[in-house]
Amino acid sequence: MTTPQLHIVVAERLSREAMEKLRAAGRVTVLDSCDEDSLLKAMADCDALLVRTFSQVTREVIEHAPNLKVIGRGGVGLDNIDTLAASEHGVSVVYTPAAATGAVAELTIGLMLSLLRDIPANDAAIRRGEYTQARANAMANELSEMTLGIIGMGRIGQAVGRRCQVGFGMSVIYHDIVDPLALDFPAKFVDKESLYDQADIVSLHVPLTDLTRWLIDKEALSQFKPGALLINTSRGRVVDSLALANRLRNGALGGAALDVLDEEPPANDHPLFGAPRIIFTPHIGAKTPMSQARMNAVVDDVIRVLRGSPPVTSAHIHQ
Ligand code: NAD
């Protein structure tokens, strides 16, 4: 049923199928840019706002939208949405919390193995004609003799832990501020300091909140086991880039692999670009067709709210 009086603003690209569903539900405006100015201009008569990773839905944006009923976030993290302001203004926030769990877990393990076996550097050395030298220098431990330390044992943390313990025979320790209750694989809860001290590989799977912003700072990094590897597929601002660059430069850390950065896209002079033993991917954790399809399904919940029904996945569970 078409309800043309509803105005739906799409700030970041969605699939054709998702767009068709939205167009059947109301008048749709697709923004050219998702910067704050563009959002503010589009808000006046907006009933529903659809965003992905890069739109910043601030209190100001929400307060510019007197008709706003629902914000749909195709994705997992809600750090780009002021959920408190939304709830104060009676605006539902719906999202797709489990959309990318397997995809991010697989990328995390890919980064872990790439770093451990130096795959990108070996590839580059061969192309430079340094085959013999690269082979002579290669030597790494196996995952089965290593301890994985997971910070944030939620959906993705558990998916990583399970694959690493069951699939690779790693010992798994973890830290979380909430008890994950019954895990279906062996893993031991430890405090943060013990995790830094014992883990050969530290993998971050926390949301970006006031508690986790710059969690891995100079002091935390100084407690890491010598030669430890750091994997971050959560959010860039969980890690202090400058402190990490320094620890990599002075050889205290064995390496880092980052899918996320404090600044995306990063400036050409980003402090981590000059650091050794680091691998980057451009925030591709959720870039699989299956994850994308699940994220696009956020439109179903947005339409549900516009029609007066309760959403399936509202953000209150994260507040
Ligand atoms: P989740 O909510 O299931 O798990 C997060 C866990 O972190 C929870 O168990 C929570 O209690 C814990 N936590 C929160 N604050 C903490 C703290 N201060 N110390 C220790 N633990 C803390 O979320 P998830 O589905 O596992 O996703 C985790 C994060 O991964 C998301 O919030 C998002 O930022 C990121 N993510 C990245 C990509 C990507 O493309 N790289 C894709 C999806 C999600």
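Indexing begins at 1, ligand by ligand and atom by atom, following the structure's order.
- Listed by first and then second residue, the ring-ring contact (aromatic ring centres under 6.0 Å, His included) pairs involving residues 221-248 are Y196-F224 (not counting sequence neighbours).
- Set against the non-hydrogen atoms of A286, the atoms of ligand 1 under 4.0 Å away are 40 (O).
- Close contacts of ligand 1 with V104, meaning ligand atoms under 4.0 Å from a residue heavy atom, involve 38 (C), 42 (C), 43 (C).
- Of all the listed residues (V260, L107, L208, I177), I177 holds the heavy atom that lies closest to atom 19 (N) of ligand 1.
- In this structure, T212 has a heavy atom closer than 4.0 Å to ligand 1.
- L115 is connected to M170 through a chain of hydrophobic side-chain contacts under 4.5 Å among Ile, Leu, Val, Met, Phe, Trp and Tyr, so both are in one cluster.
- Taking a cutoff of 4.0 Å between a charged side-chain nitrogen and a carboxylate oxygen, D79 and R235 qualify as a salt bridge.
- On a distance-only criterion, I156 and ligand 1 share at least one N/O pair closer than 3.5 Å.
- Heavy-atom distances between T101 and ligand 1 stay at or above 4.0 Å for every pair.
- Taking the charged nitrogens against the carboxylate oxygens, K218 and D240 have no contact shorter than 4.0 Å, which rules out a salt bridge.
- Using a 4.0 Å cut-off between heavy atoms, R155 contacts ligand 1 through both its backbone and its side chain.
- At least one heavy atom of T233 sits less than 4.0 Å from an atom of ligand 1.
- Between D176 and ligand 1, a contact under 3.5 Å exists for at least one N or O pair.
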Between T58 and E36, is a side-chain hydrogen bond (donor to acceptor under 3.5 Å, both in side chains) present by the stated rule, with each step listed?
CA-CA 8 Å; T58 58; E36 193 170 5; 2.9 Å; yes

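- Near V76, the atoms of ligand 1 lying under 4.0 angstrom from a non-hydrogen atom of the residue are 25 (O), 27 (O), 31 (C), 43 (C), 44 (C).
- Here R277 pairs with D118 in a salt bridge; the nearest charged N to carboxylate O distance falls below 4.0 Å.
- Taking only non-hydrogen atoms, the option from R213, R235, H283, K192 nearest to atom 36 (N) of ligand 1 is R235.
- Between D262 and R237, no side-chain nitrogen of the basic residue sits less than 4.0 Å from a carboxylate oxygen of the acidic one, so the salt-bridge criterion is not met.
- Every salt bridge (Lys or Arg N to Asp or Glu O under 4.0 Å) that D301 has, sequence neighbours left out, goes to R304.
- Here is the list of ligand 1 atoms found below 4.0 Å of a heavy atom in V178: 11 (O).
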